[in-house]
Each structure stands twice: as structure tokens, then as C-alpha cells.
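Notes to accompany the following structure.
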Protein chains: 2
Amino acid sequence: MILEGKQIIGQDIAAGPGTSFQAVDPANGETLPPEFPSADGKQVERACQLAWDAFDAYRETSLEERAKFLETIAEEIEHLGGGLIERAMSESGLPVARLEGERGRTCNQLRLFANVVRAGEWLDVRVDPALPERTPMPRPDLRQRHIPLGPVAVFGASNFPLAFSVAGGDTASALASGCPVIVKAHSAHPGTSELVARAIQSAAKKCNMPEGVFSMLFDAGYEVGTSLVKHPNIKAVGFTGSRKGGLALQQAAQSRPEPIPVYAEMSSINPVFLMPKALEARGTDLAQAFVGSLSMGAGQFCTNPGLVIGLKSPALDSFIEEAGKALKDTPANTMLTPGIHSAYEQSVAKLAGNTKVNEVSRGLTGEGENQCQAGLFTTQGADVLADESLQEEVFGATSLVVICSDMDEMKRVAEALEGQLTATLQMDEGDTDTVASLLPTLERKAGRIMANGWPTGVEVCHAMVHGGPFPATTDSRTTSVGSAAIYRFLRPVCYQNLSDALLPEALKEANSLGLKRLVDGKREG
Amino acid sequence: MILEGKQIIGQDIAAGPGTSFQAVDPANGETLPPEFPSADGKQVERACQLAWDAFDAYRETSLEERAKFLETIAEEIEHLGGGLIERAMSESGLPVARLEGERGRTCNQLRLFANVVRAGEWLDVRVDPALPERTPMPRPDLRQRHIPLGPVAVFGASNFPLAFSVAGGDTASALASGCPVIVKAHSAHPGTSELVARAIQSAAKKCNMPEGVFSMLFDAGYEVGTSLVKHPNIKAVGFTGSRKGGLALQQAAQSRPEPIPVYAEMSSINPVFLMPKALEARGTDLAQAFVGSLSMGAGQFCTNPGLVIGLKSPALDSFIEEAGKALKDTPANTMLTPGIHSAYEQSVAKLAGNTKVNEVSRGLTGEGENQCQAGLFTTQGADVLADESLQEEVFGATSLVVICSDMDEMKRVAEALEGQLTATLQMDEGDTDTVASLLPTLERKAGRIMANGWPTGVEVCHAMVHGGPFPATTDSRTTSVGSAAIYRFLRPVCYQNLSDALLPEALKEANSLGLKRLVDGKREG
């Protein structure tokens, strides 16, 4: 498939009149054809108008029609074959196995949401039947369902060019909820974006979806994204990226005449707590596994273990020594973009320059451009408590081990943490009581708490929470991974005394969708 | 019970060192004893510290303990007897029957939430069991529950001194979710507030709840409220009141280092659509019922029908004439406060002064202070489309009838409306097709859509939505009335591979709470 470098606006493919940009292969710094001219205000307007025009029709497509559309998107992405993977490799520097895995995850995610749509739990149907005989006042018939918010603007992430980009989690969950989607393509992987957008466009056509159900716009700068977030037709925003970027979008959304929700998944350093018994029993294994998790994909994961917290002890000394050794031999990996690489170098230099921080070791330097040299540092618990900058995210394969003088200090460090996507416990049975006393703090701090795993690797399922208190996200009540992500784009509507003829299918007396409704507060079996 | 005019801080009763204020009987303008000295910064700090200290313990009380606490609050309020009603009458000008009804609603609401807590649906328990044999990667055991956000600041409403104040819907749903509550008492009914706060304080003691589960502070101005919203221990805000007040709190909450959600229920004019067949068949009855709904409680309801929309026709002319006649004989009622009365007079004068608006009639003027003289006005559909100020809420018994030239204009007027709590359809069977074409717009505009009722009167049940798009509320994804209000104060947490010993009760394998969990995406029967 030949890349055209054009906007996807409904069923149109339209050249952008704005400034052009090109992708760069981070492995060698070479510019990749073609040029991608930015969209202009008219094209933003056109995409938003089409999305608005599509909204009422799209949100009332049957559950089966909508599910089929999501499945067809997955098929169309699979039909792109090796060309998609090749382009994504050139644009991201990520290896083939990783990208093939990510494609699988992207398509599985679309199919998961197809099944979520069919199951209809997300409609949250509630029925309080009329009580005409009640005194002093009869009760009317009251029924509730959830409806989608409206067109959603999605901003893809650079670190998941497939699973968190054009057809990623935000798009899949928004489309599943009944919201049209307009993607602002990430400028790091425009070719990958175009291929996937054309797959969605093709699926929309095959499934006879209203034209404006999906559009995608390119931009060399920030204008298109800001215009989208400020457009009155846009009713919610999905974003994965930096804290700065997320907060800028949140600010723009809040300053609209009608503020709208922004779901920004931003920054997290994912503390790992090394509990004493586990550390004593298997410190060496933990050190190896830790370095594996830290350096995977050049550490470019939202859930990268950027902070490791242990108690001052010979076992912790050994752990640090072993991890340092393992890290020293860790090969450098190409980072996603020159910008990410230079930000990483600056962040590591800042950390290393902190007088309270000691370097344990650095990884191999690697050859070629934009190589991520891993790093391991230590500091003391008291220093973390005194210096907030030690909690700043270093996006890449660098981690800071925090040495706490005792359990009490470990708890105070936990309590001083900002909001996190994850908190990890390395523990043995003998640590159970200590962990139990730490858990309430971790629950208040993180969206996901795990034992004896590593935070990288986020399962796409029903119980997943990829979210957490600020600044991990802008809305701790939600998740951006897993089936519950659909709830971000829904709101409840109550229907009082409407005739069966006027009620939406999900609320009609016949319950033809076979939903397990909440009737008078009780869940139907 | 003698009023002391003191802050309720945990189990303490503490004199405030700040500026004093007193309640005013709006019926005669007289000042009511005692004085209520405002809290100071130290007392805010003390209440927030107590709430924080109580949080981890309170959120892990058993479902039964928490339900009993809510029920005990209801009992303690009932034990206050006639003294509560008398004081509320003096402070609000509302009649005894209304306040007795409101007390019933307040206690029923607490008992409803007790049952909601017991049923445990709000925990939204999800289990994705481990798949150790899955290739290429095994799946870990993943479980999700919802936990409360943290201490909540509640701002009561003047128009519901019981049901939307100290022990009202926000407090009941926040306590039900496991959040401690700090109320900023409404300065219009401080005595009523003190009585109810002491009932809650007593219930907390009887039920052995952690001390900081509830506090209430007085303030003559805005300082205490702002300090509460900005305090790092506060994690969410519930508010019912004016758009200006709600937006100020939203602004304060968003400018915190850690922004928090604000659930502000603000302004709504609750459009009523008079469909042609219904208007022809029973215009006179509709006119009578409309004026009844409009003038009830001096129109001081969030769901007051402030806008009536019909098609230019002899039937609409008759409706206007009949409504005008009925309104002319409508007695004036005392408004809640002198401030509300003077704002009402100004808003009516502004409306009447609009050159596109015609007066149909005014109600009786009444004797005594702060009397609400009802008002009925008309304008044309084209004028509403051209002038946004015609959509401004007039808080009180005044409504504007919009005469549309045809169905197309009615739809455009509907489309031009701001977000609303309710939209009402007066319709007969012959109007069904017309209504069907209007419904998608109303769904996008309102939280509740009703046929052949009146928006005043909000049922407290499971399917209720008392919410809606901005500016009806700051968060259209929620409701402030009904059992679903609990979801405002919760967030999901995922537990990965935690041992059964460490899992919270709701997630343990045994499912001792008997919850209908979502297992692998399927609801247990």
C-alpha cells in the first residue's frame, strides 16, 4: 500500500494545506518519505461536522452492527500484513516481534470490545417500575440506560504505535460506546497511522457506518489538536503521553464554554517494594528480573519500574550489586524518537547530578543514533522525603533504588508518593503482615497493585485498571486499558413514563437484548 | 435542644473564632438567635486531619456496619422531632408539610443508601482468573473492586434545608461509598444544620465510627469553603447551588496541585415541550397543571419548568391564556432568603425588559417580606435562537413560553438549548412520531426525559438521573439523586496475583458477601 500523506476525513482522503513533516527512522536518523502536510482549520471543521452528523445514527446502531464494525477493523488491520509492521519498525525503532505482538494486542482489544458491546453490561440498564398505588404519591415508571457523550478526540501515544494509537484502546473503547472518533495522528509514526486509519475507513465503508464515524488528521505542531479539543462538537478527549501534554489538553478542555472530560494517562514511576523475606530468599533472581523489566523496550513503558524501595540490609546491598551487574551488560536499544532520546539523556543527567543520588552502574552505550543507555542509581529514603524532584519520571531504562532505614520510613516514602498507575510488591509468605500494613497506602496511591510480578505488561481484560490518582491520570475514576475503559465515554439518561414505543430497545419491557437489568435495585439473575 | 452555634468537629463541639452571622426568618425579616461564629483555618485543618485519620478505617468498615450507621443517622434525625421542623420553617419560610415531607425523604434516602451499601453492587467486583497455561504468556489472577476517593467536602443547598443539606443526598452517598464528609453549613439555615449535624455526630458515636467520619463548619463568607476545597486531604466535592458558586468551586478544585472532581448541580430551565395533539386535546388541564408545578414552593426547585415550548396555534394561544389566568390568582409564597428574593426580582425585571418578551400575567403580590410574585411571559422561537440571555435561569416561579413557527423551529430551539436536568414532553399517542424525531436531541441535552408529568418532584430510586450536560452539572456522567450517586465517590483498584489472605473481603475466592461478580466478563447469576 502506497502512503499518500493525506488526511482521512470520513470517506475522503484529502491533502493537507499546512506545514509538512516527515517521519524519522530513529535507528539511523534518516527521514522517511512521504511528506505529511498538516490539516488546516477547514479540515478540522469538516471532520468535526461529519462526526457530529454521524453521532445520532452511530450511537443507535444495533449492538451486533457495532460489534461487527469493531471486528472488521481488526480484520482490515490484519489484512495490511507485513507492510504495517515494516513501516512501524522504521518509524519507531521497535523490533519486529514486539510490533507483531502489539498488532495482536490491538486486534484482540478490538474484538474484546466487540464482545463487550454485545454483552451490553455497559448500558447499565436500571428499571424502577411504576407504583401507581403508592401513597402519598404514586411512583412513575423510571428507566435508565447509558448513552455515549459525543464525538471523541483521540491523541495516540508514541510508545505504542499500534495499541495506543489510531486504532488503540481509546479509539476502540470510544467506538464501542457509540462515540465517533477523530484521531490527531502522532507525528512520530504518521505512516503507521495512515495505514491503520485507512483500515478503519475501509471497515466503516464495508459495515455501512455513517461516514463521520472516524477521521484522522495530521499536524506538524499543536494547532490541530488544540482546535479539536476546543471544538464544540467534541465531547471528550483520550490522551496518552507526557504530563505536560496531558495538562495542556486538560487546560484547553476546562476553558471551553462547555468544559469536557479529558482522560489523560500521563506519568508514573511505578514503585516496586522489596519486602524483607522475599529479598533475603531470592534477591539475585529479583535483581535479574527487575533489570529485564526495566530495560525491556528501552524502558519506554508507562508502567516501567522507575523506583525500587527496600530496607537497608545486606540483602538489599546484594540486590543492588546484582542488579548493577546485570544492568552493566544490558545492550542499548533504539529509543522511539530523537526527542525522547534527548529528554532521557537530560533526565538521567539531572538525576545523576543530584548530590543525594549515587550511580550504581550504566548499561552498554550501543552504536548508532538515539540509543538508550540504561542506568541504575540509589538514594536514601530520607532524601526522597525531602526532595520531590527524586519522584520525577525518567522516561526510559533508568531506575532509582531507595534505601529506607526501617519499615516506618518505607511507609512514609510510600505515603509521600504521587499517584501511580501501579505499585508492586516483591514478597514471600513471611512478608504478609508487613504488606497488609502497607496496602491501605498503596490503594490510595495506585490503580493496580501486584504481588511478585513486574508492572510492565498490562493485561487487556475486564478487571484491569490502567489508571490511578493524579498525576498518573487526570481522572482516577477510570481505566484506559481493559473493558471498563468504555465507561469513560458514557453518561446516564433516565426515561420517566415514556411509552414502550418510544423507549430505546435496551429499556423496552420485552428486554429483547436479554440484559441482566437492575430492577428495583436487584440484579436480574 | 438548645442551639449552641458551634462547629461540629468529630466528637467535639467547638466555638468558632471568626465573624458571626445569624439566620433570618424570610417571612418577617427578623434575625434568629443564636449567633454562629465562623470557623477559622485551624478548625478547617483539624476537621481535615480527623477526616484523613478516619479514612482508612472507615472505608474498611463492614457493609453491615456502614449500613447501620446510615440507618442510625436517619433515626437520630427522626428523634429530633418537631424542633427540627420548627427551626427549618423559621429559617426557610417553607411550610410544615413540605418540610415534614423533606425530612421523610432525607431519612428514606439514608435508608436507601444503607441497602445499597449492603447489596454491594457499587463495589463492581470483577474477576479474571489466572490462566497459567495460556501461550505465549500466562495470565495472572486479576481482580477489581471500587474504593472510595477520600474525604469529601459537601456544600448544602438553600432550597432543600434537609434533603440537600447536612444529611442530604451528597452526604448520604459519600458516607455510603466509604468517604468521610465535612459539610460547609449553608448560612441560610445554620440552626437546622446544627441540629442535623449533631444527629450525625451522635449516630457516629453510637455506631463506634472513627471520629473524623463527619464534621461540619460554619462560615459567614467563602473562606472556609474555599479552604476545604483546596485542602490536600479533601478528594472530592459535592455542591448544589448557583452556576456562579459551582464554577468557583470547580475553578478552585482544578487549580490545586492535585485536581479533584467537583460534582456541582447548578442551573437548569427544564424545557417542557407541548406536543400538538396533547395541546389540542387537553390544553386547559395542561395549563392548570403547569402553573401548579411552576408555583410550587415559590418555584425554588432545580427542576422548575422555566421554559415551555409549543407550536404557534389556536391551541397554544388558549394554553397561554388559561395559564395566564391561573397564574394571576396564584398566591405569593415566601422565598428562602432575602438574597434569593432580590435576585428573583432582578431576573424577572431583566426578562420583562427584553424587547422580544411579552408579559402574559403576574401572580398575586402577597403581603410580608420576600414574597415571590409569579410571572408568565412569552417570546418567539426565532428570538430564543438569536438571544442566549433568554435561556438564563430565573430562580423562582417565573416561566417563559416559546412560540415556534413550526416543528422545524421547535427542533432548532431544542438543539440550541444548554444542558438541562430534565426535558418534559406533554404528548398524546398521535404525537409519538413527532416526539421520536425530537428524542435524540433531548437525550443529548438532558439527564432525564419524561412524558406527561412535570419535572418538579424527583424520585429517589435506582434509575433516577438528577444530572445532565453542562451547565446543569459539572459532570454529566453522574447523578446527585438516587442510588447511582454513590459512584461519584469511587474509583477502581485492580489487584494482581495477591494472595487470598491479602485480598479485601469482596475479592476473596469465597465471595462471602455473595456478590454477583463479573467473572471473565460474564455476570454471575
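Reminder, nothing fancy here: chain letters follow the sequence lines and each chain counts from 1.
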Which bit of [X] comes within less than 4.5 Å of chain A, counting heavy atoms only: side chain, backbone, both or neither?
X       : value
D124(B) : neither
F489(B) : neither
L518(B) : side chain
L502(B) : both
R517(B) : neither
L149(B) : side chain
N452(B) : neither

Please identify, among [options], the residue contributing the most non-hydrogen atom pairs under 4.5 Å to chain B.
options                            : result
G482(A), G150(A), A446(A)          : A446(A)
P259(A), A423(A), A501(A), P504(A) : P259(A)
R139(A), R59(A), E459(A), H462(A)  : H462(A)

Contact winner vs chain A - [options], heavy-atom pairs under 4.5 Å:
options                            : value
Q496(B), E524(B), Q144(B), M464(B) : Q496(B)
M450(B), E258(B), K235(B)          : M450(B)
P261(B), A119(B), G468(B)          : P261(B)
R444(B), R143(B), K522(B), H146(B) : R444(B)
E443(B), E429(B), K516(B)          : E443(B)
G453(B), P469(B), P148(B), S499(B) : P469(B)

Are any side-chain N or O atoms of [X] and backbone N or O atoms of [Y], one a donor and one an acceptor, separated by less than 3.5 Å?
X       : Y       : value
T303(B) : P455(B) : yes
R448(B) : Q420(B) : no
N115(B) : L112(B) : no
T474(B) : V262(B) : yes
Q391(B) : A416(B) : yes
W122(B) : V117(B) : yes
R105(A) : V460(A) : no
N497(B) : D141(B) : yes
K445(B) : L417(B) : yes

Report which part of [X] has an atom under 4.5 Å of a heavy atom belonging to chain B: side chain, backbone, both, or neither.
X       : value
R523(A) : both
M137(A) : neither
E418(A) : neither
I147(A) : side chain
L142(A) : both
R488(A) : backbone
P136(A) : neither
P140(A) : side chain
A484(A) : both
Q251(A) : neither

Whether the [X] and [Y] side chains hold a donor-acceptor pair (N or O, under 3.5 Å, no angle test) is what I'd like checked.
X       : Y       : value
T422(A) : N270(A) : yes
H466(A) : S480(A) : no
R477(B) : Y487(A) : no
E415(A) : T441(A) : yes

Pi-cation contact, F113(B) with R111(B) (under 6.0 Å, within 45°):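 No, cation not above the ring by the 6.0 Å, 45° rule.
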More than 12 heavy atoms from other groups under 6.0 Å of CG on D433(A):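 Counting neighbours around CG of D433(A), 12 or fewer heavy atoms of other residues, nucleotides or ligands fall under 6.0 Å, so no.
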